[in-house]
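Written below as structure tokens is the structure these notes are about.
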Amino acid sequence: MEDQIGRSRTIGHLKGGNDGPTMIFFGGIHGNEPSGEQAIQEVFKGIAENGISVNGNIYGIRGNVAALLAGKRFLDRDLNRLWTEEKIEKIKAKSKNELLNEDKELLSIHQILSDILKTESGPYYFIDFHTTSSKTLPFITINDALINRKFSKLFPVPIILGIEEYLEGPLLSYINERGYLSVGFESGQHTEREAVDNSIAFMWLALAYGGALKSADIVGFEGYYRQLKNSAKENASFFEIIYRHPIESGEKFQMQPGFQSFDIVNKGKVLAEHNDKAVLAQQKSSIFMPLYQSQGEDGFFLIRKTPKFALWLSVLLRKIRMPALLPILPGVSWADKKNGTLLVNERTARFMAKPLFHLLGYRNRVINKSIILMTSREATAKNSMYNGTWWYRNKKSV
């Protein structure tokens, strides 16, 4: 298995000029989502067949190789929930005969990432392709650092903020916590050809926007943009996740049929059945990633549109270093000043905790019933690495 993984992990690597970016694309982190892997293969083939000149480095990396071969989301446990320092260290400490399938996959990917960061130069772009079990518009998910937000805004699809607060251990959160730009692209439903086509379009655009390719060298470049715009039904709004419905191992869960991501649901609408009890929408919102497959820990999410004023205000507050003043507020203290990590007493800061901290680029993790750990996305972002890019300097991007 290890030799097979080692040989199969890299879809491709193209090396051009030394002064260009390093762009890394992942496909198949979930084994029942092969469209990203297929899209990466087709783009690499297109670059080779058309003799397109590459600037910097382009990597294509398979995710869960064993699960891709089996056509399953995962074999032992979800590979996209293992990327925390604590879990990685525990996996590294295991003997070879103790390693589960996804442990081996993680160690292989982790080694490749370490090698890339040691041997290649930045700026680095990490893009992870996924699909969903339900029908959906194509969309982007990001941790809300400004480098991620500015780059994502270049694409004519919805952008979802805040998913990392509800998921522990996604690969892109691990990468983003190290300060690098990381973007997830959900291209459509698992089985649809449109999902492959959307990922192909996204990858061509990303390669041009990141500076690895020249847009003039990409045949049909403007058509790829129109394809995403049409697939997204001209919806390029920002949304924030406001609720996740978790599923524990062994529980019975079934979505009501027919829901698609971004469908509006009214308060009181029956959304699913969980352990033989009806699950109702607690407020008017939009449903997001309803679960229509056997494996998965997330029944569905609810999202709401983020006002443009809030996006503008968040940029302003971060630029004037408003977060440095937060510890003067009642119930707020530094946990790690250097890394911008705060402890918030929810009982005394309840009236403003989440909305304010989200504006300032913080994510939260509940430690106990009264204390929340707030981690700054901006404190770790390597903004200086991206200062020279045209899209980062663009004042029109939020």
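Position 1 is the first residue of the sequence, and the numbers go up from there. Computed from a predicted model, the values in this text were never measured in an experiment.
- Linking ILVMFWY residues whenever their side-chain heavy atoms come closer than 4.5 Å, directly or via other members, places Leu317 and Trp312 in the same cluster.
- Not counting sequence neighbours, Lys382 has no partner by the salt bridge (charged side-chain N to carboxylate O under 4.0 Å, His left out) test.
- Salt-bridge formation is not detected for the pair Glu102/Arg77: no Lys NZ or Arg NE/NH1/NH2 atom is positioned less than 4.0 Å from an Asp or Glu carboxylate oxygen.
- Partner of Asn32 under the side-chain hydrogen bond (donor to acceptor under 3.5 Å, both in side chains) criterion, out of Gln295, Arg73, Gln293: Gln293 alone.
- Within the structure, the ring-ring contact (aromatic ring centres under 6.0 Å, His included) test picks out no pair touching residues 37-56 (sequence neighbours left out).
- Under the 30°/60° scheme for interplanar angles, the aromatic rings of His245 and Tyr243 are found to be tilted.
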Enumerate, atom names and distances included, each donor-acceptor pair closer than 3.5 Å involving a side-chain atom of residues 194-202, sequence neighbours excluded.
residue	atom	partner	partner atom	Å
Glu194	OE2	Ser231	OG	2.9
Asp197	OD1	Arg193	NE	2.9
Asp197	OD1	Arg193	NH2	2.9
Asn198	OD1	Gln227	NE2	3.2
Asn198	OD1	Ser231	OG	3.1
Asn198	ND2	Ser187	O	2.9
Asn198	ND2	Glu194	O	3.3
Ser199	OG	Ser187	OG	3.2
Ser199	OG	Ala195	O	3.2

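- Partners of Asp128 by salt bridge (charged side-chain N to carboxylate O under 4.0 Å, His left out), not counting sequence neighbours: none found.
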Sequence neighbours excluded and cut-off under 3.5 Å, please list the side-chain donor-acceptor pairs for residues 110-125, or say none.
residue	atom	partner	partner atom	Å
His110	NE2	Tyr174	OH	3.1
Gln111	NE2	Asp115	OD1	2.9
Ser114	OG	His110	O	2.9
Thr119	OG1	Asp115	O	2.7
Glu120	OE1	Lys15	NZ	3.2
Glu120	OE1	Asn57	ND2	3.1
Glu120	OE2	Tyr59	OH	2.7
Tyr124	OH	Leu117	O	3.4
Tyr124	OH	Glu120	O	2.4
Tyr125	OH	Trp391	NE1	3.0

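- In terms of heavy-atom proximity, Ala281 sits nearest to Val265 at CB-CG2, 4.2 Å.
- Annotation: the span from Leu171 atom CG to Leu106 atom CG amounts to 8.5 Å, rounded to 0.5 Å.
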Under 3.5 Å, sequence neighbours excluded: what are the donor-acceptor pairs made by side chains of residues 85-92?
residue	atom	partner	partner atom	Å
Glu85	OE2	Arg178	NH2	2.0
Lys87	NZ	Arg81	O	2.8

